[in-house]
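Accompanying notes for the structure given below.
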Amino acid sequence: MSEEYKSKNFIEEIIEEDISNGKHEGRIHTRFPPEPNGYLHIGHTKAICINFETAQKYGGKTNLRFDDTNPVTEETEYVEAIKRDINWLGFQWEGEALYASDYFDQLYSYAVKLIKEGKAYIDESSAEEMADMKGTPTQPGKNSPYRDRSVEENLRLFEEMKDGKHPDGRMVLRAKIDMAAPNMLLRDPVIYRIKHAEHHRTGDKWCIYPMYDFAHGQSDSIENITHSLCSLEFMHHRPLYNWLIENLEIFPSRQIEFARMNVSYMITSKRRLLKLVTEGYVTGWDDPRMSTLSGLRRRGYLPQSLRRFCNIVGVAKRDNLIELELLESVIRDDLNEVATRVMVVLDPIKVIITNYPEGQQEILSTANNPKYEDKGTHNMTFSREIYIERDDFMIDPPKKYFRLAPEKNVRLKGAYIITAHDYKTDDNGRVTEVHCNYYPESKSGQDTSGIKAKGVLHWVDVNSALDVELRLYDRLFTDPTPDGHEDVDYLDFYNKDSLQVVSKAKAEQFLKDVGDTESLQFMRKGYFIKDRESNDDKLVFNRTITLKDSWAKMQKKK
RNA sequence: UAUCCUGUAGUGUAAGGGUAGCACACGAGUCUUUGAUUCUCGUAGUAUAGGUUCGAUUCCUAUUGGGAUAACCA
């Protein structure tokens, strides 16, 4: 499970070239710049891993900087959630968390500098007028009538903006670049706007706020970021990013874009994720079906699995849709290594071992992880009555069914071999109990019976069975690209069966004392983790993922 | 009808002027006191057409497919 890079990605190639050219004395400094207006999701994981791991690989540093330039949408609550998620993933940023808002004074003076050099002006056009004059991607724009104001007037108006003498939307500061540029972002982009709003950190100190393009790149420069790694959607911003660096004469950070990661059956739009929460499709941001990091964590995903997943997926510039199966394969692979094995019967039927003495009970030992002896063992009780899974018994089994059936042998995992010789049904023909004989000399580990049993079943002793609640999760959507259809709303693909609650599963006592973050494998059933809603009266477990089930697959094919 | 980015098995990603590799998925076996895990084998790929070259998936040209861009969002 090594974290090796199988080869260099294009970003690493650029960086190694920079290093060999002695650029920035070989110093590497990246940053992860979330906007604190939502929770981190699976898509962010890639940006986090790339920024942190690339720096790590070259002995560099990574800043965490909140891009908090829009006070209307941003909240401190998100800041804390984001920090927690990044730490959970296993990364630590350099020093304290930083904020674009820390640089508002500096940014203001940058703007003044541009104005003084005749490279920015106050535009009093309305938003509609500005949009009209902007042109379209195929048609050049027109100059604003305010474009050629004097430096003095611009300076005065900008100060008035800052001093709160104008209402929201009355005027903006624009960079003076080129209204005919093929790149729309170079058509005199707005760099400052008026917002009389309380900022989560600067309070009411400011009523003007810089736009993304006048904050992000400048923050990179202020922090001496050498490589600013972001997703492809910012590619069109790069010329502006560079224009500002040149004209402000500040540290030349370099922006490099990579393709964001898309995972099938998952969505990463903050707006759509929020809607799932507010309209009750899920129970919250950390609902285990959510693609948020907090959801995945609650679901039982391991941080190292997410990191490894991102490394396997790789870094490139083409659009991609990663199959969910790959993520699932990675998580299964990791969980298989670390999960403690326990037995839980989801849909119990009672088995009575008729030749086992009434009132007798024995203690059997079972491995916590058969692959690793040093993971130890734990005990479970065995007696005359046990539960097995309903679908592990069939009156009239198909071919190749090697579980329990009349006159068939089966091994009870870690216990004895039994043979069914009778069963009872209710009025509907539903099996209510199965009667078996056991072979005393077939005890697990000291089997001298010579009997062969192809099937092995998990079971729980009726006497000591613990009732637990299980939440079985499946993908949230029934379509691989729920938000990729123009004619169908993503909510139409909501999977109504994405949560199935088993309220009274039968579990061995071991689960009573299991830790909150201990990965578990319910044998033959899947990987689980204790849910935070567990308490002294009720234990709740979330299914992270099922085990592969080639029997079910075989049945399906028929 | 502008500009930019991008086309390698089903998916993702390598290599790179000289044998197209890896992972997942899929299929067939194997092992197994979890129908899990393990192990083995298999199916399957350089968008198209020209050009340069002894040799092109790689370099060049054209065509073609996909994506992005017109918020006082980030």
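Fair warning: this is a prediction, and the values are worked out from it, not measured in the lab. Naming convention: chains lettered A, B, ... in sequence-line order (proteins, then strands); numbering from 1 in each chain.
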message: Expressed as a whole number of angstroms, how long is the span from A:M380:CE to B:rU33:C1'?
response: 13 Å
- request: Assess whether one donor atom and one acceptor atom, taken from the side chain of A:E325 and the base of B:rU11, lie less than 3.5 Å apart.
  value: no
task: If the plane angle is over 60° it's perpendicular, under 30° parallel, otherwise tilted; pick one for A:F528 and A:F522.
output: parallel
- request: Represent RNA chain B in dot-bracket notation, 5' to 3'. Only Watson-Crick or G-U wobble pairs with both distances under 3.5 Å count; pseudoknot-style crossings use [ ] and interstrand partners use |.
  value: .((((((..((((....[..)))).((((.........))))....(((((..]....))))))))))).....
Nearest listed nucleotide, side chain of A:E74, among B:rA74, B:rA70, B:rG35: B:rA74
- prompt: Is a side-chain N or O of A:Q218 found less than 3.5 angstrom from the main chain of A:D213, in a donor-acceptor match?
  reply: yes
- prompt: Looking at B:rU34, B:rA74, B:rG35, which one has an atom nearest to any side-chain atom of A:R403?
  reply: B:rG35
query: Can you check the A:L240 CG to B:rA74 P distance for me, whole Å?
result: 13 Å
- prompt: Can you check the A:M133 CE to B:rC72 C1' distance for me, whole Å?
  reply: 13 Å
- request: Return yes if some donor-acceptor pair links the side-chain N/O of A:R65 with the main-chain N/O of A:Y99 below 3.5 Å, else return no.
  value: no
message: I want to know whether A:Y212 and A:H237 have ring centres closer than 6.0 Å.
response: yes
message: Of the listed nucleotides (B:rA74, B:rU32, B:rU1), which one gets closest to any side-chain atom of A:K454?
response: B:rU32
field: Given B:rA70, B:rU33, B:rA74, the nucleotide with the shortest approach to the side chain of A:E35
entry: B:rA74
message: Could you check whether A:D168 pairs with A:R193 (Lys NZ or Arg NE/NH1/NH2 to Asp/Glu carboxylate O, under 4.0 Å)?
response: no
field: Under 3.5 Å: donor-acceptor pair, side chain of A:D392, backbone of A:I388
entry: no
query: Taking the C1' atom of each, how far is B:rA68 from B:rU61, in whole Å?
result: 25 Å
message: Using the side chain to side chain donor-acceptor pair (under 3.5 Å) definition, which of the options A:E389, A:K525, A:K413, A:E508 pairs with A:H458?
response: A:E389
Taking N or O atoms only and anything under 3.5 Å, show me the protein contacts with nucleotides 4-10 of chain B, one pair per line.
from: B:rG10; atom 1: N2; to: A:E323; atom 2: OE1; distance (Å): 2.8

- prompt: When the aromatic ring centroids of A:Y209 and A:F104 are compared, is their separation below 6.0 Å?
  reply: yes
message: Of the listed nucleotides (B:rU33, B:rA70, B:rA36), which one gets closest to any side-chain atom of A:K134?
response: B:rA70
message: Can you measure A:K548 atom NZ to B:rU34 atom C1' for me and round it to whole angstrom units?
response: 14 Å
message: Measuring centre to centre across the rings, with the benzene-like ring taken for any Trp, is A:F66 within less than 6.0 Å of A:Y78?
response: no
task: Would you mind telling me which of B:rA2, B:rG35, B:rA23 lies closest to the side-chain atoms of A:K400?
output: B:rG35
message: I'd like to know if the side chain of A:T30 reaches the main chain of A:H227, judged simply by a donor and an acceptor atom lying under 3.5 Å from each other, with no hydrogens or angles considered.
response: no
- request: Measure the distance from CG on A:D168 to C1' on B:rC73 and round it to the nearest whole Å.
  value: 15 Å
message: In this structure, how many angstroms lie between the P atom of B:rU1 and the CE atom of A:M184, rounded?
response: 19 Å
task: Select one nucleotide: of B:rU34, B:rC24, B:rA14, the one nearest the side-chain heavy atoms of A:S329.
output: B:rC24
message: Please pick, from B:rC73, B:rC72, B:rG35, the nucleotide with the shortest atom-to-atom distance to any side-chain atom of A:A127.
response: B:rC72
task: Quote, to the nearest angstrom, the P distance that separates B:rU13 from B:rA70.
output: 25 Å
field: Salt-bridge present (A:D188, A:R147; N to O < 4.0 Å)
entry: yes
- request: Assess whether one donor atom and one acceptor atom, taken from the side chain of A:R524 and the base of B:rU34, lie less than 3.5 Å apart.
  value: no
task: Mind listing the residues from residues 187-198 of chain A sitting with a heavy atom below 4.0 Å of RNA chain B? Number order is fine.
output: A:V190, A:R193, A:K195
query: Side chains of A:N368 and A:H378: closer than 4.5 Å at any heavy-atom pair?
result: yes
- prompt: Rounding to a whole Å, what distance do you find between A:F10:CZ and B:rA15:C1'?
  reply: 17 Å
message: From C-beta outward on A:P182, which listed nucleotide comes closest to its side chain: B:rC73, B:rG35, B:rU3?
response: B:rU3
task: Sticking with atom P, work out how far B:rC41 lies from B:rC5, rounded to a whole angstrom.
output: 43 Å
- prompt: Using the C1' atom in both, what is the distance from B:rA23 to B:rG35, to the nearest Å?
  reply: 24 Å
Sidechain-backbone polar pair: A:D483 side chain, A:I267 backbone, donor-acceptor under 3.5 Å: no
- prompt: Which part of the nucleic acid, if any, lies within reach of A:L547 when heavy atoms closer than 4.0 Å are counted: base, sugar-phosphate only, or nothing?
  reply: base
field: A:F234 ring center within less than 6.0 Å of A:Y241 ring center
entry: no
message: Does A:R341 contact B:rU34 through a side-chain donor or acceptor facing the base, at a distance under 3.5 Å?
response: yes
- prompt: Hey, is A:Y212 stacking on B:rA74? Ring centres under 5.5 Å, planes under 30°.
  reply: no
- request: Pick base, sugar-phosphate or nothing for A:T366, based on heavy-atom distances below 4.0 Å to the nucleic acid.
  value: nothing
query: Which is true for A:M171 with a 4.0 Å heavy-atom rule: it touches a base, it touches only sugar-phosphate, or it touches nothing?
result: nothing
Side chain A:H237 and base B:rA74 donor-acceptor under 3.5 Å: yes
- prompt: Nearest-Å distance, CG (A:D213) to C1' (B:rC72)?
  reply: 13 Å
message: Using the P atom as the point on both nucleotides, what is the distance between B:rU11 and B:rU48, in whole Å?
response: 15 Å
query: In terms of side-chain heavy atoms of A:V172, which of B:rA74, B:rG12, B:rC72 is nearest?
result: B:rC72
- request: Determine the Euclidean distance between corresponding P atoms of B:rU46 and B:rG21; express it in Å to zero decimal places.
  value: 13 Å
